[in-house]
Novice: 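The following block contains the structure, expressed as structure tokens.
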Amino acid sequence: MTKYRIFLVLSFFIFMAAVTNTALSANLEKNASEKVEYEKKTVKSLIKSFYKSTGVHGFLNPDSQATSTELNAESDFSHSWGRLIMIFICILLFYLAIAKNFEPLLLLPIGFGGLLSNIPIAEIAGPDGFLGILYSMGVQNGLFPILIFMGVGALTDFGPLIANPRTALLGAAAQVGIFGTLVGAVVLTQTTDLINFSLQDSAAISIIGGADGPTALFIGSKLAPHLLGAIAVAAYSYMALVPIIQPPIMKALTSSDERKIKMHQLRKVHRLEKIFFPVTLLILCILVLPAATPLVGALCFGNLLRESGVVDRLTDTLQNSLINIVTIFLGLAVGSKLAAEIFLVPETLAIIVLGLIAFSIGTASGVLMGKLLNRLSKADINPLIGAAGVSAVPMAARVVSKVGNDEDSSNVLLMHAMGPNVSGVIGSAVAAGILISIFA
Amino acid sequence: MTKYRIFLVLSFFIFMAAVTNTALSANLEKNASEKVEYEKKTVKSLIKSFYKSTGVHGFLNPDSQATSTELNAESDFSHSWGRLIMIFICILLFYLAIAKNFEPLLLLPIGFGGLLSNIPIAEIAGPDGFLGILYSMGVQNGLFPILIFMGVGALTDFGPLIANPRTALLGAAAQVGIFGTLVGAVVLTQTTDLINFSLQDSAAISIIGGADGPTALFIGSKLAPHLLGAIAVAAYSYMALVPIIQPPIMKALTSSDERKIKMHQLRKVHRLEKIFFPVTLLILCILVLPAATPLVGALCFGNLLRESGVVDRLTDTLQNSLINIVTIFLGLAVGSKLAAEIFLVPETLAIIVLGLIAFSIGTASGVLMGKLLNRLSKADINPLIGAAGVSAVPMAARVVSKVGNDEDSSNVLLMHAMGPNVSGVIGSAVAAGILISIFA
Amino acid sequence: MTKYRIFLVLSFFIFMAAVTNTALSANLEKNASEKVEYEKKTVKSLIKSFYKSTGVHGFLNPDSQATSTELNAESDFSHSWGRLIMIFICILLFYLAIAKNFEPLLLLPIGFGGLLSNIPIAEIAGPDGFLGILYSMGVQNGLFPILIFMGVGALTDFGPLIANPRTALLGAAAQVGIFGTLVGAVVLTQTTDLINFSLQDSAAISIIGGADGPTALFIGSKLAPHLLGAIAVAAYSYMALVPIIQPPIMKALTSSDERKIKMHQLRKVHRLEKIFFPVTLLILCILVLPAATPLVGALCFGNLLRESGVVDRLTDTLQNSLINIVTIFLGLAVGSKLAAEIFLVPETLAIIVLGLIAFSIGTASGVLMGKLLNRLSKADINPLIGAAGVSAVPMAARVVSKVGNDEDSSNVLLMHAMGPNVSGVIGSAVAAGILISIFA
Amino acid sequence: MIGESINFMIIGMSVVFLFLIIMVVVLRCQGYVINRLFENGAVDTQEDNNPADTTSDLTDAKKIAIISEAVKQHIQQNR
Amino acid sequence: MIGESINFMIIGMSVVFLFLIIMVVVLRCQGYVINRLFENGAVDTQEDNNPADTTSDLTDAKKIAIISEAVKQHIQQNR
Amino acid sequence: MIGESINFMIIGMSVVFLFLIIMVVVLRCQGYVINRLFENGAVDTQEDNNPADTTSDLTDAKKIAIISEAVKQHIQQNR
Ligand code: NA
Ligand code: NA
Ligand code: NA
């Protein structure tokens, strides 16, 4: 016990000494930030220059690193308290990812990238830092999201959609989340003074409603790279929060009887149907909306390799080593956009709010379309599966299954929810293509 | 039944409506291709601009995308019908790869890259599209074929060649296919008006006779990048067609008695011989033909890692994740050279014909050299194994084995054919070095 | 027997013929190095130009490739004999890697890269050669060492350090090897005429004493890229030689009784301690020494992914496919700095000597600090484990275990030595950060 | 600008629905045709969709090894 | 310059020691606090540090778990 | 130009043959020398050419094998 108290005291002492000395030395030599010269130096002067290279000094004296053009209170704030706040937020992301299992595959790398990008002096997110190198390698040009999409294609079985194509309409309806949020962002810009989103910005934010990570990153990096950090964090956070966001909306819009509806077993799907599917989808996309073909094409490529059954070693690579490597790089690079001076702006709060609205609208539209379809169609359709139309594969489908089970534990909705779920991915990619063809 | 007829009619109606409207809108606003402005617009005008961004419009109005310098009938054709033809060809490649198992590992990615590169408006093969990015990342500079060669080295057991080195002469003879085709391409250029290959072009085409994919891509990207698509498709197609092209030639040039010759079992090979082999081969290549060392060096590197036995984790990576990732990237990037305006030219037909000639000459030379060796050598040599000298590892060796079995089902030629087969790879790389040292 | 003698004579004859002809042709046409023209040529003239493109000619006539600025005796030497010597050295590296198991994972690729970079004419290490491409892709900008460090983080269990943190002081003491060598390099520069290291060079060399490959490569590529080859070879060679270098020093500085000291079993470590460790370490590094955060951050990133337990697929990728791919690329690219004109300079010998001194000083300091700690601390500490503080994970810890066992075969020191071992990695990264903050 | 953004929403949702409706129609036609022409190939979802890669060439990494092994055994058994 | 390099050595070693001493102190405090607050989570080194990735979705790279499970079942069946 | 291309063919095939003939000779010499000096190391093709990577350090990524082994032993010990 006493032993540990001693440690605490000791560590406090060391820390305070460092801080005090640093502050002193910083005040004494504030204007000595020029490159260290190699003339004969005393140990004392060396110690002083060392103090100026510590992070403690960096946080306390943000102005010494600011370039002349941004020497103002705002950058001062973002370089001192701002950075500390962001580091705290990143550690919060670690907590959510590890303890609460919030999309850890992306939020851990993004959070770590954010932490690294807020370190003073080191400039890890700068053009010569490794985050900057990764960013220009594959985020700026959109390559990494495309490669992820190939992996998603290789991992996705479109069988449930092929077996019951009409569920695609649920995936279409859920995209109201995207375009509704676009309107919302414009309204916010027009009605408030603090928030000023361009149409490109608004479009990039609205794609959060697509509930699809790579699509959001692809559009974000094309239309609004300065908002990419907030968009990525919002998109992945809400995808992780699907089990909390969706159920109340689903329950509010459906009656208990509707939630108990049982659906017929899916028909068997011919192997050729699965092979033809990616090719058909791509041709359709070429005819109707070429602007969506980079995303849809990557998805179809991965899926064609998967279903062809003749290139298993490539499929396996897409599903594992390639998608994993790219996920690591992409997460870290996107994290570099969590630097305080980019992230700690009022726009970020607006993005968080708009993203939540987008998810809610998408879920509601999907469920309502499910009710409509159930009435129009001869076969029974449980409206709950409409909620899976937002994408967030496969989390949203699982949520549907769980809400269905809560009402009637003998009701198995998972495979039925996969149809709208994967068509939600296609719908979001189509919406992304529309946004690109209008705004890019 | 009736239900499905309704669908057919409905889909026909929707398609026709889209096409008609598109054509109309295109005619009405042909000169409105400037960037969409964000002034207040009616829904009607938005629909019109949307139609102009559809692929249907893109195919019907190729001139709206052509740059001023290429505004002529030819580019019009290649941007409308040409693209449709190419998309059809790419789907044919899918069929051959999946149903007929034609080198699917490369023809599927190449075909898909080709499909994507022929999409109007999206510019996926342009410098900012992902195919263009992959192309400049590793095809333009020759990196991807080199990495594939490392993987091939790590996958190849040179034991059969070391056990019976004289079979290397069969691999040498088969390279007549390369240089004979070089002559053929020059003759074609001199005697026809339509075809005009430079010497560099001719050399790049002739390497198809090497029956080795990465070598062809390496030389093609160095000497004639504009022909790369045709060269790649021809090379991999003929490698897939080896079981159809070779047997008639093999049977025509050998008697039934010759095809029945049985060969002695291969001697055991010392582990040190296998370790020394890649180093010896590379030193030889350095002394005689440094221009071939990038290719041969990569092959030897992979093989040295394999045979060293002390870096299994690196060997495994070369054989699997690295070669798979690069194969995907390489295939897609090469496919970008299947864009209609590059591919649908008379030269492509000439390349297809010359490639076939190259394979045939190579096979014939190998078999004839086999007959010669059989006469000169004390030990029996079945001339069939000469056909494996064209490379096309391991397909050509399997064909030899099969043709031998057809004649005498107790005759096991596979391992004997592997010697000429792998020496064919070396021979092609040497020939490639010669072409580079003369023409690059 | 006679058969083989014939082969020997024949091969000698062929070689001599090639050499003689080459020399002749070289003398006849020494000034014909301009690009081969495609006018009509006789076979004879073609043969002559071919000879000029052989490696034999390249070695014998180094001046024909030298640029005008370096036409002097020195470059002549390095391009003829120098290259042969380097090729011999590289083959020696193969021998050490394969037969003696000297860090084969890096010395095989480095050696092969060195071999390829010394080939005349081919220019594989030039900016357009594949070694040059790999070098600029990830060595020049420091990306590859950072990725390796992520893999190291994902592979390292810091449990033993967390269980007994005071052993970190042993890892600190061993860094005297780095700074002592810095002094040594400066002394050498001041006292000799032949050796002239700048302060940057000296710092880059001294990092060999860190006994950590990626750290050495990271610092080397930042501070002294022209010395990178020698630094890399020295660092990895000495890491491989740890079982030979360390034991005599360890035995000289300890008594038999000290070597027999048994240590208490390590306490159990809470899972949360392991998860917090990388975050704590990084925050500390941010506060004290931001310049070290690229390296320490990469290490912590890999370790956080590992210990989080929620992203096993990413951890697995860091530990396997990614680290393997990068190891191959990094080794080959570093090998490109073994080109004779860069490597065969007096400085290399000085680097080799200084590296050995660095390792020895580091080992000695670690052991001496172990003796000091043993006296100051209540719990018994076997001073041998101080030798593991040089890093060289996990070789140094194994050496400690072995030396301990030699004295008392019931003494199990391995886990106790892992604490200083991994803290040595951290200590080296901190030292690297100091060198960067002073010299970069 | 708000009015315009509502226009974007209308056109956007129309295209999304148009696209997916056409897709539904095409998928139904395709399914009908395929199941008529090739009756015996129907498979359950998630079954048989990865038939072993028996013939592709560069692949299966160690084909050469496998083949030589097979040949060896074949020869030994037939002695 | 030699004198200066000795200065570098002094400051360098001081920082290295400062850094690692602070680390030792912080690790001890951290260990103390964690083991007080969460008493039942202590694990042996190299055991239980990879709890199965139960919920993450894209993954399924759970070879280790699967194999050890398989081995277990195999052994149980053969009892 | 046709004549020239024939010249290219002649020189090209000569070099290819020269290269491979030298290779044949060198391989034979090498095989002779090696088999004389190290008589006991001859191996069948595809056998023993991948001795386990026993000492290399970062490696040993054969966790699966190791773990299943460990699980087995653990279970056996606890019987
Ligand atoms: Na969606
Ligand atoms: Na060949
Ligand atoms: Na160290």
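First the proteins, then the strands, lettered A, B, ... as listed; each starts at 1. Keep in mind it's a predicted model, so treat the numbers as computed, not measured.
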Novice: Non-hydrogen atoms of chain A under 4.5 Å away: do they reach the side chain of B:Ala99, the backbone, both or neither?
Specialist: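 It is neither, since no heavy atom gets under 4.5 Å.
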Novice: What pairs of donor and acceptor atoms, side-chain ones from residues 280-288 of chain A against any protein atom, are under 3.5 angstrom apart with sequence neighbours left out?
Specialist:
| unit_1 | atom_1 | unit_2 | atom_2 | d |
| --- | --- | --- | --- | --- |
| A:Thr280 | OG1 | A:Phe276 | O | 2.9 |
| A:Thr280 | OG1 | D:Gln30 | OE1 | 2.6 |

Novice: From B:Phe112 CZ over to A:Met150 CE, what is the distance, rounded to the nearest 0.5 angstrom?
Specialist: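 B:Phe112 CZ to A:Met150 CE: 8.5 Å, rounded to 0.5 Å.
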Novice: Looking at A:Ala291, A:Ser321, A:Gly297, A:Pro294, which one has more heavy-atom pairs under 4.5 Å with chain B than the rest?
Specialist: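 The option with the most such pairs is A:Pro294.
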Novice: Find the distance between CG (B:Asn118) and OG1 (A:Thr293) and round it off to the nearest 0.5 Å.
Specialist: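 It comes to 11.5 Å.
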Novice: Do A:Asn141 and B:Asp128 have side-chain heavy atoms sitting under 4.5 Å apart?
Specialist: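 SC-SC contact between A:Asn141 and B:Asp128 ruled out.
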Novice: With a 4.5 angstrom heavy-atom cut-off, could you sort out which part of B:Leu332 is near chain A: side chain, backbone, both or neither?
Specialist: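 Contact with chain A is through the side chain of B:Leu332 alone.
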Novice: Below 4.5 Å, heavy atoms only, C-beta onward: do A:Ile275 and B:Phe94 meet side chain to side chain?
Specialist: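 They are not in contact (no side-chain heavy atoms under 4.5 Å apart), so the answer is no.
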Novice: Look at A:Leu314, A:Leu322, A:Ile325 and state which one has the largest set of heavy-atom pairs under 4.5 Å with chain B.
Specialist: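 Max contact count across the listed options: A:Leu314.
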Novice: Taking the side chain as C-beta and beyond, is there a heavy-atom pair between A:Leu304 and B:Ile98 under 4.5 Å?
Specialist: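 Result yes, sub-4.5 Å side-chain heavy-atom pair found.
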Novice: Kindly compute the distance separating CG (B:Leu134) from CG (A:Leu143), expressed to the nearest 0.5 Å.
Specialist: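 One gets 5.5 Å once the value is rounded to the nearest 0.5 Å.
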Novice: Nearest 0.5 Å please: distance from the CZ atom of B:Phe130 over to the CZ atom of A:Phe144.
Specialist: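 B:Phe130 atom CZ to A:Phe144 atom CZ measures 14.5 Å (nearest 0.5 Å).
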Novice: With only heavy atoms counted, which part of A:Leu147 is less than 4.5 Å from chain B, the side chain, the backbone, both or neither?
Specialist: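 Contact with chain B is through the side chain of A:Leu147 alone.
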Novice: Could you pull out the closest heavy-atom pair between A:Val310 and B:Ala97, with the gap in Å?
Specialist: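 Nearest pair, atom of A:Val310 first, then B:Ala97: CG2-O, 4.0 Å.
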Novice: When rounded to the nearest 0.5 angstrom, what is the spacing between CD1 in B:Ile133 and CD1 in A:Ile146?
Specialist: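 Rounded to the nearest 0.5 Å, the CD1-CD1 separation comes to 8.5 Å.
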Novice: Do B:Leu116 and A:Phe301 have side chains that approach each other closer than 4.5 Å (heavy atoms only, starting at C-beta)?
Specialist: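 In short, these two side chains do not touch, never coming nearer than 4.5 Å.
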Novice: Is A:Arg313 close to B:Thr327 at the side-chain level, that is, under 4.5 Å between some pair of heavy atoms?
Specialist: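 Not in contact.
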